[in-house]
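If you read the sequence from its start, that first residue is 1, and numbering goes on from there.
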Amino acid sequence: MNDESIRFAELSGEAMSALLDGDLSAARAIAGVALTDCFLTDRARWLWRYRLGQMAADPGRARWMVRQVVVVEGLVVGHAGFHGPPDEAGMVEIGYSIAPPFRRRGYARATLAELLRRAAAEPAVTTVRATIGPDNAASLATIAGFGFTEAGEQWDEEDGLEIVFEVPARPGA
């Protein structure tokens with residue numbers, strides 16, 4: 001698999017609202033892609049609620065908050081995006097999730113590569129952060145080879161203990 005085999009399609013606030021309401025058909029129509037039930041899990045609904053709250057609190061951040069669905073050969077295999085705009089130091093945090101039936105096929109690595117490409121294209125971004133639970137071997141393996149270095153750890157109310165990894169947005173710049 002190569003990075004060109006995936007593409008991102010926008011998952012707007014309107015689509016996230018439909019998903020939060022459990023209306024997969026409406027969300028599919030709004031997004032223009034065949035979303036699957038993985039977008040209706042409790043974890044996914046928590047994410048849609050959280051992102052919609054952030055967007056409502058500061059509409060100017062919406063372009064950073066809108067999620068992207070990862071499409072491979074017409075199939076939606078997951079979602080990805082930034083947790084928000086760059087902070088005052090130019091750091092953005094990324095997040096992505098590949099649906100269980102599509103894991104272990106290289107989609108997470110291709111998704112990560114695309115997120116890093118997008119971050120590098122934004123002049124205000126200097127650093128990309130990923131936070132991963134210490135027991136999440138799959139995610140730890142996914143970031144290997146992308147230049148991330150361990151920058152510490154943090155406690156996340158939703159996910160518990162996380163290791164913080166960072167990489168320059170434009171290595172060598």
Side-chain angles (χ1 to χ4, degrees), residues 6-58 61-72 74-85 87 91-116 118-119 128-144 146 148 152-166:
I6 69 162
R7 71 177 174 87
F8 284 177
E10 184 177 297
L11 190 60
S12 67
E14 187 180 3
M16 284 186 265
S17 291
L19 290 168
L20 193 54
D21 292 339
D23 191 342
L24 192 57
S25 295
R28 287 175 176 158
I30 295 163
V33 291
L35 301 173
T36 64
D37 289 343
C38 76
F39 286 80
L40 296 177
T41 64
D42 289 343
R43 177 80 173 147
R45 289 173 119 163
W46 175 89
L47 179 62
W48 313 141
R49 187 176 302 107
Y50 186 73
R51 293 292 176 235
L52 287 167
Q54 287 178 304
M55 290 165 54
D58 187 353
R61 299 169 53 128
R63 81 175 189 92
W64 291 93
M65 308 308 297
V66 169
R67 301 304 281 184
Q68 307 299 320
V69 294
V70 182
V71 182
V72 181
L75 296 173
V76 175
V77 301
H79 57 84
F82 299 99
H83 289 237
D87 66 12
M91 186 277 298
V92 292
E93 185 172 344
I94 57 171
Y96 52 90
S97 177
I98 303 300
F102 300 104
R103 292 181 182 160
R104 302 188 59 80
R105 298 185 192 181
Y107 298 141
R109 289 184 64 80
T111 298
L112 176 57
E114 177 60 14
L115 287 169
L116 291 171
R118 288 178 176 218
V128 179
R129 175 178 286 176
T131 58
I132 302 171
D135 297 332
N136 189 338
S139 287
L140 293 169
T142 297
I143 69 165
F146 282 94
F148 282 90
E153 56 184 44
Q154 67 183 21
W155 184 263
D156 181 89
E157 288 186 27
E158 183 70 19
D159 298 322
L161 179 65
E162 298 176 325
I163 303 170
V164 177
F165 295 92
E166 294 182 346

Original post:
Partners of Asn136 by side chain to side chain donor-acceptor pair (under 3.5 Å), sequence neighbours excluded?
Top reply: Ser139
**OP:** With sequence neighbours excluded, tell me which residues meet side chain to side chain donor-acceptor pair (under 3.5 Å) with Glu14.
**Re:** none
Original post:
Is a donor on one side and an acceptor on the other found under 3.5 Å between the side chain of Arg109 and the backbone of Thr142?
Top reply: yes
Subject >> All salt bridge (charged side-chain N to carboxylate O under 4.0 Å, His left out) counterparts of Arg28, not counting sequence neighbours >> reply: none
Original post:
For Asp87, what residues pass the side-chain contact (heavy atoms from CB on, under 4.5 Å) criterion, not counting sequence neighbours?
Top reply: Ala89, Met91
Subject >> Counterpart residues, side-chain contact (heavy atoms from CB on, under 4.5 Å), relative to Asp42 (two or more places apart) >> reply: none
Original post:
Of all residues at least two apart in sequence or in a different chain, which pass the salt bridge (charged side-chain N to carboxylate O under 4.0 Å, His left out) check with Arg43?
Top reply: Glu158, Asp159
Please set out all donor-acceptor pairs under 3.5 angstrom arising from side-chain atoms of residues 97-104, sequence neighbours excluded.
from   : atom 1 : to    : atom 2 : distance (Å)
Arg103 : NE     : Ile98 : O      : 2.6
Arg103 : NH2    : Ile98 : O      : 3.0

Subject >> All side-chain contact (heavy atoms from CB on, under 4.5 Å) counterparts of Ile143, not counting sequence neighbours >> reply: Tyr96, Leu112, Ile132, Phe148, Phe165
**OP:** Output all residues satisfying side chain to side chain donor-acceptor pair (under 3.5 Å) with Thr131, sequence neighbours left out; order by chain, then residue number.
**Re:** Glu93, Glu162
Original post:
Can you list the residues that meet the side chain to side chain donor-acceptor pair (under 3.5 Å) rule with Glu153, with sequence neighbours excluded?
Top reply: none
Subject >> Listed partners of Arg49 passing side-chain contact (heavy atoms from CB on, under 4.5 Å), at least two apart >> reply: Leu20
**OP:** Mind checking the NE2-CG spacing from His79 to Leu35? Nearest 0.5 Å is all I need.
**Re:** 10.5 Å
Original post:
Please, which pairs that meet salt bridge (Lys or Arg N to Asp or Glu O under 4.0 Å) have at least one residue in residues 129-143, sequence neighbours excluded?
Top reply: Arg129-Glu166
